[in-house]
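This report refers to the structure that appears directly beneath it.
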Amino acid sequence: MTTVAYQGEPGSNSATAARALYPGSSELPCTGFEQALDAVTLGDADVAVIPVDNSAAGRVADVHHLLPESGLFIVAEYFLAIRFDLMGVPGATEDRIESVRSHVHALGQCRKVLREGGWRTLVSDDTAGAAREVAELGDPRHAALAPPAAAALYGLDVLRSEVEDDPDNTTRFVVLSREAASAPDADRPTMTSLFFTVRNIPSALYKALGGFASSGVNLTKIESYQMGAGLGASRFYVEIEGRPDDARVALALDELRFFSSEVRVLGVYPAHPYRFSS
């Protein structure tokens with residue numbers, strides 16, 4: 001049986017994604033992203049299911065800092081439609097609510113209902129954890145914004161369903177493993193994720209990325225961040241369409257390596273069908 005680690009508590013969106021990817025698997029809830037990755041590294045879990053970005057909130061904090069140091073490989077991606085319900089203890093009503101708690105990203109994705117209610121907000125470590133906290137408090141003045149599954153799990157009443165601001169709200173998850181997966185068949189849409197650090201020379205980033213343009217390779221994501229407290233060269237996280245052994249991708253990567261001090265392929269994996277749904 002596959003053991004799947006994820007950040008959060010049972011009933012969270014990460015738990016929902018884990019179950020969709022690995023039905024019937026053994027779950028290992030973790031308090032943070034680093035703990036989930038460590039569980040795989042140490043062999044306590046086979047894979048970790050980690051959110052990397054959200055259509056409304058953008059990049060998930062800390063994840064891109066943790067991935068290159070984890071030594072793990074991306075082997076799959078999954079897109080999950082995000083739904084949040086406003087929930088409280090049995091008998092609670094909206095007019096009695098004084099405060100609403102949830103993860104900071106969930107609060108940011110449900111601003112309309114929070115403004116409408118005029119409620120004080122409290123940040124919890126996890127959306128499902130917020131539901132558990134409300135259940136433990138047993139006070140109708142407290143409510144939670146949490147995924148629908150959390151209401152039944154923690155014995156709460158749904159006061160209003162689907163309160164997210166954007167009906168197309170979607171989170172992308174990646175699956176990380178100790179071993180890199182075999183590249184998908186050549187006729188299957190494929191993604192490649194990698195990190196690189198440019199050399200400290202003028203126009204290095206422009207030149208490093210030039211190979212993708214001249215080779216006709218599509219970059220679907222590029223993000224930068226500083227390493228440590230210094231102001232030296234930035235590290236970049238890139239996702240591209242294609243496999244490293246594709247002729248066009250191989251040429252682009254050769255040029256990238258020439259202008260970079262470090263290039264590391266983090267994973268080659270099938271593109272999720274959601275990418276082609278619109």
Next on the checklist: Let's go through V134 and Y154 carefully: what are the C-alpha distance in whole Å and the side-chain angles of both, what is the deciding distance for side-chain contact (heavy atoms from CB on, under 4.5 Å) to 0.1 Å, and is it a yes or a no?
Outcome noted: CA-CA 9 Å; V134 167; Y154 297 107; over 6 Å; no
Checklist entry - Going through the distances and angles, do T2 and D46 end up as a side chain to side chain donor-acceptor pair (under 3.5 Å)? => result CA-CA 6 Å; T2 301; D46 299 299; 4.8 Å; no
Item to check | Residues F173, Y78; criterion ring-ring contact (aromatic ring centres under 6.0 Å, His included); working and verdict | outcome: CA-CA 5 Å; F173 293 81; Y78 183 75; 7.0 Å; no
Next on the checklist: Test side-chain contact (heavy atoms from CB on, under 4.5 Å) on Y237 and K221; report intermediate values, then the result.
Outcome noted: CA-CA 8 Å; Y237 173 76; K221 178 189 288 293; 3.6 Å; yes
Item to check | Verdict with supporting geometry, H103 and S124, side chain to side chain donor-acceptor pair (under 3.5 Å) | outcome: CA-CA 5 Å; H103 188 272; S124 297; over 6 Å; no
Item to check | Evaluation steps, side chain to side chain donor-acceptor pair (under 3.5 Å), between T170 and Y274 | outcome: CA-CA 10 Å; T170 304; Y274 179 86; 3.3 Å; yes
Item to check | Steps toward side-chain contact (heavy atoms from CB on, under 4.5 Å) verdict (R120, V100) | outcome: CA-CA 6 Å; R120 182 167 58 99; V100 176; over 6 Å; no
Checklist entry - Stepwise, does the side-chain contact (heavy atoms from CB on, under 4.5 Å) test hold for L253 with F196? => result CA-CA 10 Å; L253 291 179; F196 69 93; over 6 Å; no
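Comment: R248 does not engage D246 in a salt bridge, judged by the lack of any side-chain N to carboxylate O separation of less than 4.0 angstrom. With respect to the salt-bridge test (charged N to carboxylate O, under 4.0 angstrom), the residues D185 and R188 do not qualify. The pair E116-K112 does not count as a salt bridge, with every side-chain nitrogen at least 4.0 angstrom from each carboxylate oxygen. With salt bridges taken as basic N to acidic carboxylate O contacts below 4.0 Å, one links R172 and E239. Electrostatic pairing of R264 and E262 counts as a salt bridge here, judged by a charged N lying under 4.0 Å from a carboxylate O. Looking at E27 and R19, a side-chain N of the basic residue comes within less than 4.0 Å of a carboxylate O on the acidic one, giving a salt bridge. Between E77 and R275 there is a salt bridge, since a side-chain N of the basic residue sits under 4.0 Å from a carboxylate O of the acidic one. A salt bridge is absent between E255 and K207; no separation between the charged side-chain nitrogens and carboxylate oxygens falls under 4.0 Å. A salt bridge links E9 with R132; the closest basic N to acidic carboxylate O contact falls under 4.0 Å.
Put simply, V104 and V113 are part of the same group of oily side chains (I, L, V, M, F, W, Y) that touch within less than 4.5 Å, one to the next. A continuous path of ILVMFWY side-chain contacts below 4.5 Å connects L176 to F195, so both sit in one hydrophobic cluster. Under a hydrophobic-cluster definition in which Ile, Leu, Val, Met, Phe, Trp and Tyr are linked whenever side-chain heavy atoms come within less than 4.5 Å, directly or via other members, V174 and F33 are assigned to the same cluster. Under the 4.5 Å side-chain contact rule for hydrophobic residues, M87 and V89 share a cluster. Using a 4.5 Å cut-off between side-chain heavy atoms of Ile, Leu, Val, Met, Phe, Trp and Tyr, with links allowed through other members, I240 and V198 fall into the same hydrophobic cluster.
Side-chain atoms of F212 and N218, non-hydrogen and from C-beta on, never get closer than 4.5 Å to each other. For the pair Y269 and T190, the minimum side-chain heavy-atom distance is 4.5 Å or more. Between N13 and I82, some side-chain heavy-atom pair lies under the 4.5 Å cut-off. Two residues are said to be in side-chain contact when any heavy atoms from C-beta on lie closer than 4.5 Å; L21 and V4 fail this criterion. Using a 4.5 Å heavy-atom threshold, the side chains of L153 and P10 count as touching. No side-chain heavy atom of P270 sits under 4.5 Å from any side-chain heavy atom of P189. Looking only at side-chain heavy atoms (C-beta outward), V47 and Y22 come within less than 4.5 Å of each other. Put simply, the side chain of I222 reaches to within 4.5 Å of the side chain of L209, judged on heavy atoms.
Surrounding CZ of R111 are at most 12 heavy atoms belonging to other residues, nucleotides or ligands under 6.0 Å away. Sparse packing is recorded around CG of D125, with 12 or fewer heavy atoms of other residues, nucleotides or ligands lying under 6.0 Å away.
Of all non-hydrogen atoms in F236 and S224, the two that sit nearest each other are CE2-CB, 3.3 Å. Considering all non-hydrogen atoms of both residues, V49 and A17 come closest at CG1-CB, 4.1 Å. The two residues A143 and L86 come nearest to each other via the heavy atoms CB-CD1, 4.0 Å. Residues T127 and S102 approach most closely at CG2-OG, 3.6 Å, considering heavy atoms. Shown here for Q7 and S12, the closest heavy-atom pair between the two residues is O-OG, 4.3 Å.
Among residues two or more places apart in sequence or in another chain, the side chain to side chain contact (heavy atoms under 4.5 Å, CB included) test is passed with A39 by A5, L28, D44, A45.
There is a side-chain donor-acceptor pair under 3.5 Å between N169 and Q109.
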